[in-house]
Structures are given as C-alpha cells and as structure tokens.
Protein chains: 2
Amino acid sequence: MITLTEENYIKAIYHLGKYGKEMVNTNAIAEALDTKASSVTDMVKKLSEKGYLNYKKYQGVILTEKGKDVAVNIVRKHRLWEVFLVEKLNFTWDEVHEVAEHLEHIRSEKLINELEAFLEFPMYDPHGDPIPDRHGNFKNIDKVALAQSEVGKVYTCVGVKDTSSKFLKYLDSNNIGLGTIIEVLYKEPFDNSVKIKLNAAEMVVSQNVAKNLFLKEV
Amino acid sequence: MITLTEENYIKAIYHLGKYGKEMVNTNAIAEALDTKASSVTDMVKKLSEKGYLNYKKYQGVILTEKGKDVAVNIVRKHRLWEVFLVEKLNFTWDEVHEVAEHLEHIRSEKLINELEAFLEFPMYDPHGDPIPDRHGNFKNIDKVALAQSEVGKVYTCVGVKDTSSKFLKYLDSNNIGLGTIIEVLYKEPFDNSVKIKLNAAEMVVSQNVAKNLFLKEV
DNA sequence: ATTTAATTTTAGACTAGTCTAAATAATATT
DNA sequence: AATATTATTTAGACTAGTCTAAAATTAAAT
Ligand SMILES: [Mn+2]
Ligand SMILES: [Mn+2]
Ligand SMILES: [Mn+2]
Ligand SMILES: [Mn+2]
C-alpha cells in the first residue's frame with residue numbers, strides 16, 4: 001500500500017530529478033513540498049525501504065524503476081484531470097493545478113482510462129506538458145525557452161515552465177497562450193529582457209518571463 | 001479545517017440517523033465505518049468539540065445544523081460524481097460507489113458546481129437517490145419498498161436501499177433497473193417472498209430483495 | 001590544513017487516528 | 001432485587017507524518 005503523502009514525495013522527486021534521472025537532495029525536496037528537511041529524511045528512508053528510490057546518506061536520492069512508474073502514473077492522472085477541468089468544466093489554466101493536486105490521488109484504473117477516452121486521448125495538458133499513456137510512455141516536445149530563442153525568428157508558444165496562477169494570469173492579461181505566434185525582435189543585454197511581436201503589437205518581457213515561456217519554431 | 005476522516009464519520013452518522021434527525025449510538029457508527037467502538041468514542045468527542053454534533057455519554061450522538069450541512073454537502077458530491085461516472089465514463093451502477101467514496105472528499109466549490117451544470121443538473125443518482133442542490137435542498141421522492149407494496153397494483157422501480165455490488169448485480173441479471181415496471185402478483189405469507197411480473201415474465205423474489213427495492217405507483 | 005558555513009541527520013516530542021484490554025454504565029433476565 | 005449480559009468509555013500503546021533543537025557530515029573559505 002502506498003499513501004497519498006508518499007505519492008506526493010515521489011512525484012516531487014521525479015520532477016526535481018528531471019524525470020527521475022538525476023539525484024535529488026534533501027533540502028530541494030523539503031522546499032518543493034513546503035516541509036522540513038528532517039521530515040524528508042524520515043520519509044526517504046521509508047521510501048527507500050519500500051523500494052521506490054535509492055538513498056545514500058548525505059548524498060541524496062534517485063528514483064528506482066518502481067518509483068518512476070508510480071511518478072509517471074500520478075503525472076498522467078494529474079494532467080488528464082487538468083484537461084478535464086479546462087475542456088469540460090470551464091476552468092482556466094491558472095485554476096486547475098490546485099484541484100488536480102488532489103484528484104491525482106484517486107485510485108481507479110478504470111476511472112482514469114475511461115476519463116482519457118472521454119477526453120479523446122489528449123496529448124498535452126493545459127500548460128503544454130505531455131500526457132503519458134496507460135503504459136507510461138510519452139514524448140517530450142522539443143521546445144526552447146524564450147530566453148534561449150534566436151532574434152529574428154518566429155515561434156509558437158507551446159508551454160510554460162512556471163505554472164503558478166500569478167504567471168499564468170500575467171500571460172492572460174497580455175494575450176499570450178498556447179498557440180500564440182511570437183516573433184523575437186531584440187534581446188537587451190543589460191537585463192536580459194526580450195522585445196517580442198505578438199498580434200501585430202510589440203512588447204518587452206522580463207528575463208523572468210523569458211525563462212518560463214517555452215516556444216517552438218514555426 | 002475538517003479532515004477526510006471526520007467527513008466520513010459525519011456522513012455515516014447522517015445516514016444512520018435518518019438525515020440527522022435521530023440519535024445514533026456508538027456501535028452502529030463503528031459497524032458502519034468498519035472500526036472499533038473505542039475509536040468512535042474518541043472521534044465523537046472531537047466532533048462534539050468542533051460543533052458538528054451533540055454527544056451525551058452512553059446516550060449517543062445527533063448532528064447539529066452545522067453537522068448536517070457538512071453531511072448534505074458530501075452526499076451532494078458523492079451522488080453527482082456517481083452520475084458522472086455512469087453517464088460519461090461507462091461505469092455501471094454497481095461500480096460507482098467505491099470511487100465516489102473518494103471523490104466526495106475533493107474540496108472545490110467551483111468543481112462541484114461546474115460538474116453539476118455539466119451533467120445538466122440531475123435530480124437523482126444512479127441508485128435513485130435525490131441530489132441536493134448547492135444550497136443543500138432536496139426532496140425525497142415518496143416511494144415504498146416492494147415488501148410494503150400492495151398485491152394487484154403496478155409500480156415503477158425508482159430506487160434501491162442496499163447499494164452493494166452484489167445486490168445490484170443480482171438486479172442486473174434479472175433485468176431489474178430504475179424505470180422497470182413491476183406488477184405485484186402474490187405475497188407468500190410463509191417466507192414473505194413476493195411473486196412479481198416484469199417484462200411479461202413472472203418471477204419470485206425473496207424478502208431480502210423485497211425490502212431493498214423501492215417502488216412508486218404508476 | 002584549519003576554520004567556517006551550509007547541509008543533512010538524529011533525538012525527542014507532538015497530533016490524528018487507530019487498536020486491545022480493562023473498567024464502567026445501562027439493559028435484560030431471573 | 002440481585003445477577004448476568006450488552007453497550008460504552010477509559011487507559012495505554014501503536015503507526016504515519018510532522019516539528020524543533022542539537023549533533024554530525026560535507027562543502028566552502030580562508
Ligand atoms: Mn498531490
Ligand atoms: Mn499542468
Ligand atoms: Mn468517503
Ligand atoms: Mn448512490
């Protein structure tokens with residue numbers, strides 16, 4: 001039996017370690033889950049004993065295959081619920097995360113597979129993140145942050161890194177969303193801000209924004 | 001803050017006490033929640049302190065208005081999710097209860113109100129039970145158990161008392177469901193079994209079945 | 001190579017919820 | 001009315017998860 005709390009730890013470790021590929025240290029987990037480092041130490045010991053990850057004292061943890069399977073399954077549920085909320089229940093992309101955080105823990109194979117079919121097997125969630133299929137397979141779209149884009153080229157917005165309500169509302173208020181066409185006009189070396197063209201208008205976004213907006217060449 | 005466990009206790013007490021109108025004793029709660037009487041005592045003390053019910057030692061508990069509000073809201077969520085599972089996700093009426101038991105605890109006003117609208121404001125759940133509106137109002141249909149029906153009259157099946165998978169599958173295998181027309185042919189005094197006519201065929205059902213099937217005169 | 005700082009772990013305590021076993025109260029039976 | 005039975009509560013212990021404060025380890029800076 002796996003608990004809701006254990007699932008949250010495993011998912012956090014999965015994301016912090018780039019899909020479970022890198023080691024993750026204690027403080028990073030504590031930060032992500034808004035808890036204390038000592039609590040994390042206790043939990044990773046337990047998760048290690050249960051076979052979800054490998055733990056070396058003072059070194060950090062890395063997910064096992066078993067741990068990655070759990071993580072991917074939760075991510076799958078999280079993203080499918082997000083699609084449901086936006087497509088069927090009139091949620092906006094800045095409202096879904098909090099609710100999906102709870103729905104992702106509902107345990108029913110039939111529920112999630114039927115939900116997926118009901119939504120007609122969506123490939124991406126409302127933030128542009130890929131949705132794993134029932135076998136845990138998914139492909140990452142090759143995308144580049146606006147901060148790493150090239151001046152003069154034209155891109156489509158395909159995702160966001162920061163999924164906080166604040167950031168998403170900022171994008172909304174500037175008419176930036178998935179599918180928006182963006183031309184990179186100029187990069188200011190002084191503060192790394194970027195001048196872009198969208199909907200025939202020009203605007204300047206900060207480095208912070210440029211780092212959290214993912215694009216794909218058209 | 002109210003916990004998931006507290007919600008389950010309050011809902012159980014609500015059902016055991018006929019919509020929170022009657023006192024409920026410790027053992028009944030323990031039985032319903034598959035827990036021990038001593039655990040119940042601890043919990044009702046806490047729920048009493050939190051104002052969800054009135055507790056008198058050795059006497060039992062009865063829900064306060066605050067407690068009833070919580071209960072009705074959980075029942076609302078439970079039944080709306082059941083409708084969703086049957087109407088949209090191809091669940092059968094014997095599969096929904098277990099999953100709804102978890103979904104009912106997801107806390108989001110917007111979620112449940114949008115879900116209700118998405119389902120086009122259903123009046124009844126898949127077992128014929130009424131769904132409270134967002135203000136907690138609902139009306140009980142006037143129904144009678146097959147065991148209390150009158151010989152010679154014709155009824156429609158409008159609900160079930162026992163919602164266990166076993167009972168519902170029994171009904172399925174005999175082609176009895178909500179809306180089924182049933183004529184009461186004969187009541188056997190010896191064992192209180194009932195002979196009925198449905199779909200032009202005759203069959204005999206046990207007292208146990210007769211007590212758990214709700215009908216309405218046509 | 002020491003000292004300092006940052007990170008991580010341990011030790012001990014706390015809450016929520018549960019259990020068993022013993023004690024108490026209420027009810028039923030003689 | 002006294003006794004036996006049942007229902008309920010108390011006492012003490014346990015697990016999951018968390019915290020603070022102190023100890024131990026690792027990494028950084030002299
Ligand atoms: Mn979560
Ligand atoms: Mn998302
Ligand atoms: Mn429940
Ligand atoms: Mn139901």
Side-chain angles (χ1 to χ4, degrees), chain A residues 1-17 22-63 66-67 70-71 74 101-102 104-107, chain B residues 1-17 22-63 66-67 70-71 74 101-102 104-107:
Chain A
M1 234 323 76
I2 189 168
T3 71
L4 184 149
T5 310
E6 289 170 347
E7 288 186 344
N8 281 334
Y9 270 87
I10 290 170
K11 193 183 72 165
I13 293 165
Y14 176 79
H15 282 132
L16 289 167
E22 294 175 13
M23 268 222 161
V24 182
N25 54 4
T26 305
N27 265 5
I29 301 169
E31 160 101 44
L33 292 173
D34 195 26
T35 184
K36 302 291 162 163
S38 54
S39 305
V40 173
T41 301
D42 284 345
M43 181 56 82
V44 297
K45 278 180 186 169
K46 187 163 60 134
L47 292 175
S48 171
E49 273 168 21
K50 287 193 172 188
Y52 295 113
L53 50 79
N54 292 116
Y55 166 54
K56 276 181 218 103
K57 265 193 189 180
Y58 295 99
Q59 299 302 119
V61 300
I62 189 160
L63 290 180
K66 182 182 171 185
V70 169
I74 299 171
E101 201 58 45
H102 298 287
E104 70 188 2
H105 301 289
I106 302 290
R107 257 179 280 268
Chain B
M1 232 329 74
I2 188 168
T3 70
L4 183 149
T5 310
E6 288 170 347
E7 288 186 343
N8 280 333
Y9 270 88
I10 290 170
K11 192 183 72 165
I13 293 165
Y14 176 79
H15 282 133
L16 289 168
E22 293 175 13
M23 267 221 164
V24 181
N25 54 4
T26 305
N27 266 4
I29 301 169
E31 160 100 44
L33 292 174
D34 195 26
T35 183
K36 301 292 162 167
S38 55
S39 304
V40 174
T41 301
D42 283 345
M43 181 55 82
V44 296
K45 278 180 186 168
K46 187 165 57 136
L47 292 175
S48 172
E49 273 168 20
K50 287 192 172 188
Y52 295 113
L53 50 80
N54 292 116
Y55 167 54
K56 277 180 218 106
K57 265 193 189 179
Y58 295 99
Q59 298 302 117
V61 300
I62 190 161
L63 291 180
K66 182 181 172 187
V70 169
I74 298 170
E101 201 58 43
H102 297 288
E104 70 187 1
H105 301 289
I106 302 289
R107 257 179 278 269

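Quick note: numbers below take in every heavy atom, side chains included, and nothing from hydrogens, waters or symmetry partners. Convention: sequence-line order gives letters A, B, ...; per-chain numbering from 1.
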Between [atom2] of [N] and [atom1] of [X], the distance in whole Å:
X       : N      : atom1 : atom2 : result
B/Leu4  : C/dA16 : CG    : C1'   : 12 Å
A/Asp42 : C/dG12 : CG    : P     : 14 Å
A/Glu49 : D/dT15 : CD    : P     : 13 Å
B/Glu6  : C/dT18 : CD    : P     : 10 Å
A/Lys56 : C/dT9  : NZ    : P     : 13 Å
A/Lys45 : C/dA11 : NZ    : C1'   : 10 Å
A/Met23 : C/dT7  : CE    : C1'   : 15 Å
A/Ile29 : C/dT8  : CD1   : C1'   : 12 Å

Measuring to OP1 and OP2 of [N], would you say a side-chain N or O of [X] lies under 4.0 angstrom away?
X       : N      : answer
B/Asn27 : D/dT6  : no
B/Thr41 : D/dT10 : no
B/Tyr55 : D/dT9  : yes
B/Asn25 : D/dT8  : yes
A/Tyr9  : D/dA16 : no

Point-to-point distance, once rounded to the nearest 0.5 Å, from CG of B/Asn8 to CE of B/Met43: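 Rounded to the nearest 0.5 Å, the CG-CE separation comes out at 9.5 Å.
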A/Lys45 side-chain N/O to A/Tyr55 backbone N/O, donor-acceptor pair under 3.5 Å: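 No, A/Lys45 side chain to A/Tyr55 backbone: no donor-acceptor pair under 3.5 Å.
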Donor-acceptor under 3.5 Å (B/Lys66 side chain, B/Lys50 main chain):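 Side chain of B/Lys66 to backbone of B/Lys50: a pair is present.
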Partner residues of A/Asn25 under the side-chain hydrogen bond (donor to acceptor under 3.5 Å, both in side chains) criterion, sequence neighbours left out: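 Partners of A/Asn25 under the side-chain hydrogen bond (donor to acceptor under 3.5 Å, both in side chains) test: none.
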Side chain to side chain contact (heavy atoms under 4.5 Å, CB included) between B/Tyr9 and B/Thr35, intermediate numbers included: CA-CA 11 Å; B/Tyr9 270 88; B/Thr35 183; 3.9 Å; yes
Identify each atom pair where a protein N or O and an N or O of nucleotides 20-27 of chain D are less than 3.5 Å apart, giving names and distance.
residue, atom, partner, partner atom, Å
D/dT20, O4, A/Ser38, OG, 3.0

